[in-house]
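The sequence lines fix the lettering, A, B, ..., with proteins before strands; numbering per chain opens at 1.
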2 protein chains.
Amino acid sequence: MATVAPAPKTVNEAESKLLESALTLFSEKGYEGTSIREIIEGAGVTRPVLYYYFENKEDLFRRLVEIKFTEFTNQIEAIKSSVPTCADRLKAIIRKEFVIAERSPETVRLILQVFFSLPQQGPRLDKTRLAHARFRLLEDIMRDGLERNELSGGDAQSLALVFLGIMDMHIMAKSNRPETRLTPDLADGLVDLFLAGAGFREAPVTALVSPYTFG
Amino acid sequence: MATVAPAPKTVNEAESKLLESALTLFSEKGYEGTSIREIIEGAGVTRPVLYYYFENKEDLFRRLVEIKFTEFTNQIEAIKSSVPTCADRLKAIIRKEFVIAERSPETVRLILQVFFSLPQQGPRLDKTRLAHARFRLLEDIMRDGLERNELSGGDAQSLALVFLGIMDMHIMAKSNRPETRLTPDLADGLVDLFLAGAGFREAPVTALVSPYTFG
DNA sequence: TTGTCCTTACCTACCGTTAATTAATCTGAC
DNA sequence: GTCAGATTAATTAACGGTAGGTAAGGACAA
C-alpha cells in the first residue's frame, strides 16, 4: 500500500457528526421529541461519545443553536454595510434569508424553533438575546430609513416587527410545505408591497404571486 | 361511513378539569414537555380517570385543540358576514384576535403552537386542515377586496399570507413578552400600514407606535 | 343488574446519564 | 530509538427515574 498523505483527520469527526445528526433531528422533531439515542444512531457513534464532547443534551442543543445562529446572522449583518438605501437593504436581506431557507431548511427550522417556542419549552437558553439580535438589525435599518425619509408610517420598532412578520411567515410556510418556492422575485415583491401597501391604486407597484397553492 | 362525533355529551367535572389543566400546561410547555402526571395533578384527579375520559395523551391534546380552535374561528368567521368593506373586516378581525390574545393567552398559545410546530413535532393531527381554515377566511376577504377594487398589489393568497404574518408576529410577541399590549389602536394602525405601505409620504396615513420596547 | 365513575397497584419501555474499562496516540527521559 | 506514562477517544453495560398506559375491582345510582 502506498502511503498517501495522512488522512485529513478532521479534528473531532465524531463531534461534527453528532452536530450534524442533532441538527437534522432537532429541526424536525424538536428538542424534547428527539432522544439522545436517535442522535448517536444518526451520527454512528456510541452514547458515551456524545457525553465526551458535550456536557449533556442541553449543551449539545445550545452549542448547535449558537453555531447556526451565528452563521445565519453573520450573513445578514454583512448586508447592512454593503448596501446603501433602505429598500435595497430590505430586499437584500429577505432575498438572503430566502436563499438560506431554500439551501438549508434545517438550519432555518432550528432557528425559528427557538424564536417561536413556548415560554418553558426546550432547554433554558436566552431566546430573547437571539431574537433581539435579529430584531435590532431590522430596527436599525428602519430607523435609518425613517431618518432619511425613505420610510414613514410608524416607529422603527413597529416597522421592524411588521417586516419580520411578513418575512418569517413565508419562511414558516416553506418549512411546513417544502414545495413552496422562496424566489428572489417573491422577496422583491414582498418588499414592494411592504413599501407601497395593498390599498388599491390604478397601477400597482407590485403584483405578487403566491408561492404556493393551498389545497 | 365517516365516524360521526358523538353529540356534545354533558361534560363532566373531571373531564373539564382535565381539559383546563391540559390547556395551561400544553400552552406553556408544549406537548412533549408536558407529562400526563402533571396534567392529572393540576386537575386533581388520578391517572385512570384521564384514561376514562380520553383514549390517551394524544386524544386529549387533539380534543383540546379542536375545542379551542373552533371557539376561536367561530368568533372570527362571524365578522365576515357582519362587516361589509375589506378594510373594516381586516380591522375587525385583527382587533378581535388581539382581544382574544389579551383575554386568554393560553388559548392563543396553544393554537399558534399547532400552526408553527415542526413537521414531526407533537401528536399526529391535521395541522394543515386547521391552518387552512384560518388562511381560507383571510384569502376570501382578500379576494373580495381585490374584486371590489379595494385592494391591489398581489393575488389573494399573497395578501392573506402577508396579513397573517403581520398579525401573528404581534400575537407571538405578546406570547413571549406578556407585557406587550395588543390594543385596538395598534390593530387599526397595522391594517392602515398594510393598506398604505411604509414608503415615505408627506402625511403618513398612520403613525404606529410599537407595543413594547426591546431591551 | 347494569353501567358510570373512580381507586389502588402495577407494568414495560425508554429516558438522560454514568461507571468502569480498554484501545490508540502522543510525550519525554534515557 | 525505546519504552514508561500520561492523554485522548471510544467501548460495554448498566443505573435510577419517569414516561405513557393498564388490570382489576369497588361504590353507587338507575
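- We find that CG of N56(A) is positioned 8 Å from P of dT18(C), with the value rounded to whole Å.
- Of the candidate nucleotides dG20(D), dT12(D), dC6(C), dG20(D) has the atom lying nearest to any side-chain atom of S35(B).
- Map V49(A) and R37(A) each onto its nearest nucleotide of DNA chain D; the residue landing nearer the 5' end is V49(A).
- Atom P of nucleotide dA19(D) and atom OH of Y51(B) are separated by 11 Å, given to the nearest angstrom.
- Side-chain atoms of P48(A) lie closest to dT18(C) of the nucleotides dA10(D), dT18(C), dA19(D).
- Atom CG in L50(B) sits about 14 Å away from atom C1' in dA19(D), given to the nearest Å.
- Nearest to the side chain of R47(A), among dT22(D), dG16(C), dT4(C), sits dG16(C).
- If you run side chain to side chain contact (heavy atoms under 4.5 Å, CB included) between V191(B) and each of D188(B), L193(B), L195(B), only L195(B) comes through.
- For K57(A), counting side-chain heavy atoms from C-beta on, the closest listed nucleotide (dC5(C), dT11(D), dG16(C)) is dG16(C).
- When rounded to the nearest whole Å, the span between CG of L60(A) and C1' of dC15(C) equals 16 Å.
- K80(A) has no carboxylate O lying under 4.0 Å from a charged side-chain N of D144(A), or vice versa, which leaves the two without a salt bridge.
- Ring orientation note: the planes of F115(B) and F69(B) are nearly perpendicular, at an angle over 60° on the 30°/60° scale.
- In this structure, of dT17(C), dG20(D), dA10(D), it is dG20(D) that holds the atom nearest to the side chain of I36(B).
- Residue F54(A) contributes atom CZ, which lies 13 Å from atom P of dT17(C) at whole-angstrom precision.
- Using a distance-only test at 3.5 Å, with no hydrogens or angles considered, a donor-acceptor pair links the side chain of D155(B) to the main chain of S158(B).
- For F72(A), there are no ring-ring contact (aromatic ring centres under 6.0 Å, His included) partners at least two apart in sequence or on another chain.
- Between T46(B) and the phosphate of dT7(C), there is a side-chain N or O to OP1/OP2 separation shorter than 4.0 Å.
- Spacing between atom OH of Y52(A) and atom P of dA23(C) amounts to 17 Å, rounded to whole angstrom units.
- At whole-Å resolution of the value, CD1 in I40(A) and P in dT12(D) are 11 Å apart.
- Distance, E32(A) CD to dT18(D) C1': 15 Å, rounded to whole Å.
- Proximity of Y53(A) to the phosphate of dA10(D): a side-chain N or O atom is located under 4.0 Å from OP1 or OP2.
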